[in-house]
Amino acid sequence: MSDTQQASDFDINKIGQAFLDDPFPTYKLLRKNDPVHLNPDGSYFLTRYDDVVQSFRHPAMSSDKKVDFKPKFGDGPLYVHHTNSLVFNDPPIHTRVRQLLSEAFTPRKLAELEPVIEGIIDRLLDRLADQGQFDVINDYALALPTEIIADMLGVPEEHRHKLHNYSNLILGALDPVVSPEKIAEGHAAVEEFGALLEELIAERRNTPEGGEMGEVLAALIFGEIDGDKLTPVELVQNCIFLLNAGHETTANLVGNGISILLDYPDQLQRLRDDPSLIKSAVEEFLRFQSPLQIGNRKAMEDVEFGPEGGRVEIPAGAFVHTSIGAANRDPEQFEYPEKVDIGRQPNPQLAFGIGKHICMGNTLGRIEGHVAVGKFVARFPNLRAAGEKRYHGRARFRGLDVLPVAVS
Ligand code: HEM
């Protein structure tokens, strides 16, 4: 079959294990032969850097999901949750809620979190050093972001073990095909986590000055701009959203980063020789294996995409998949895109999106990446793979389920 035919046969709703294991050859095929690809369900799949940027920046490309989520979630807790989450709203709601949430990410709050991150990492590394052999994902990468977000929200120790599962159940319900059981579990997770947060918020209202280092819940409860505050529903649902947005993505960054270094020993050695490369290394991990591979938008009017001479009009109402993972390997933007270069400069990777929805946690995610990967490499000079790694098999997120290593 010709490349053109293969590209035009692609269906985002019918991807197989080969795509989940390694989507990059398919991205390349599409970018070259069918960059504004029409799927059989009428949605489009964008793979060029310029088109992905345009879809994130264009005012007619909407993030609002109130209409799309109705048939899937009814009026239930998942509907309330997702439609109140910042990321699924357009201006003016988006502008207002984003401004109020930004209280959680001020430079002062981030500076307070840095020693907390270092402390968590040092404790985790001490424990792993004693073990000698372990799984990077479950024993390391996932532990950090959950702890950080729990600290930010002031979640007490005894409840923290539940957070990872809540996040999985709530995000799992967003997969394209979901069983009624999974939807019911998602609804229950929103309700349970919401009830816990309501309790914490009620306690916190009575002790406005009593937070731990790095805690941001009070800023979200009491923060106001021109007399405007988050409503009680916006507050609870966006606290849940912070866990979901910053948890798996950051764990994927750390897991993918360590996995890339194991796959490219020359780059691992380069980082050991010059630890100051950690910042550009993290940018390269984000580019090469972007934790969020595929975003989405809906065209609210006809919008043209594609290269000069091959423009395609996407009609109003069409759903658009924006492939960040493909854009980050576009040869029109990056020299030798299939090569890992931890010193790559410039590196305008799009892993955090761009435009008005650009990730609010991008500085925090980067700090977590620098500390977690930098300290890991420094602590374990004799790091090596100790078994098969496995990708978790969800097209929108790129991350591993297991990454066994030995460090003695
Ligand atoms: C390496 C880690 C991360 C990656 C790759 C990542 C990626 C992204 C991307 C691509 C978006 C834009 C979605 C869109 O335009 O539709 C986004 C939005 C967002 N992220 Fe992150 N994220 C990461 C970590 C975090 C962390 C640690 C937090 C907070 C604790 C966070 C909070 C948010 C929020 C609040 C938004 C919504 C912004 C808006 O809609 O205006 N993220 N993230």
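For ligands, and for the atoms within them, numbers begin at 1 and follow the listed sequence. These figures come from a predicted structure and were not determined experimentally.
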Participant: When you measure from the heavy atoms of Arg366 to every atom of ligand 1, does any distance fall below 4.0 Å?
Facilitator: no
Participant: Taking the non-hydrogen atoms of Ala351, is any one of them nearer than 4.0 angstrom to ligand 1?
Facilitator: yes
Participant: Mind checking the CG-CD1 spacing from Leu153 to Ile148? Nearest 0.5 Å is all I need.
Facilitator: 11.0 Å
Participant: Using heavy atoms and a threshold below 4.0 Å, how should the contact between Arg98 and ligand 1 be classified: side chain, backbone, both, or neither?
Facilitator: side chain
Participant: Under a 3.5 Å distance rule, please check whether Thr249 uses its side chain to pair with a backbone N or O of Ala245 as donor and acceptor.
Facilitator: yes
Participant: Ignoring water, what protein N, O or S atoms are under 2.8 Å from atom 21 (Fe) of ligand 1?
Facilitator: Cys359 SG
Participant: With a 4.5 Å limit on heavy-atom distance, are the side chains of Glu248 and Leu171 in contact?
Facilitator: yes
Participant: Taking the six-membered ring for Trp, is the centroid-to-centroid distance between Tyr140 and Phe134 below 6.0 Å?
Facilitator: no
Participant: His164 and Thr146: side-chain donor and acceptor closer than 3.5 Å?
Facilitator: no
Participant: Answer yes or no for His247: is there a heavy-atom contact with ligand 1 below 4.0 Å?
Facilitator: no
Participant: Within less than 4.0 angstrom of ligand 1, does Phe105 place any heavy atom?
Facilitator: yes
Participant: CZ/Phe285 to OG/Ser290 distance, rounded to the nearest 0.5 angstrom?
Facilitator: 13.0 Å
Participant: Answer with yes or no whether Pro291 contacts ligand 1, where contact means a heavy atom under 4.0 Å from a ligand atom.
Facilitator: yes
Participant: Quick one: list whatever passes side chain to side chain contact (heavy atoms under 4.5 Å, CB included) with Arg272, sequence neighbours left out.
Facilitator: Leu268, Gln269, Val377, Leu383
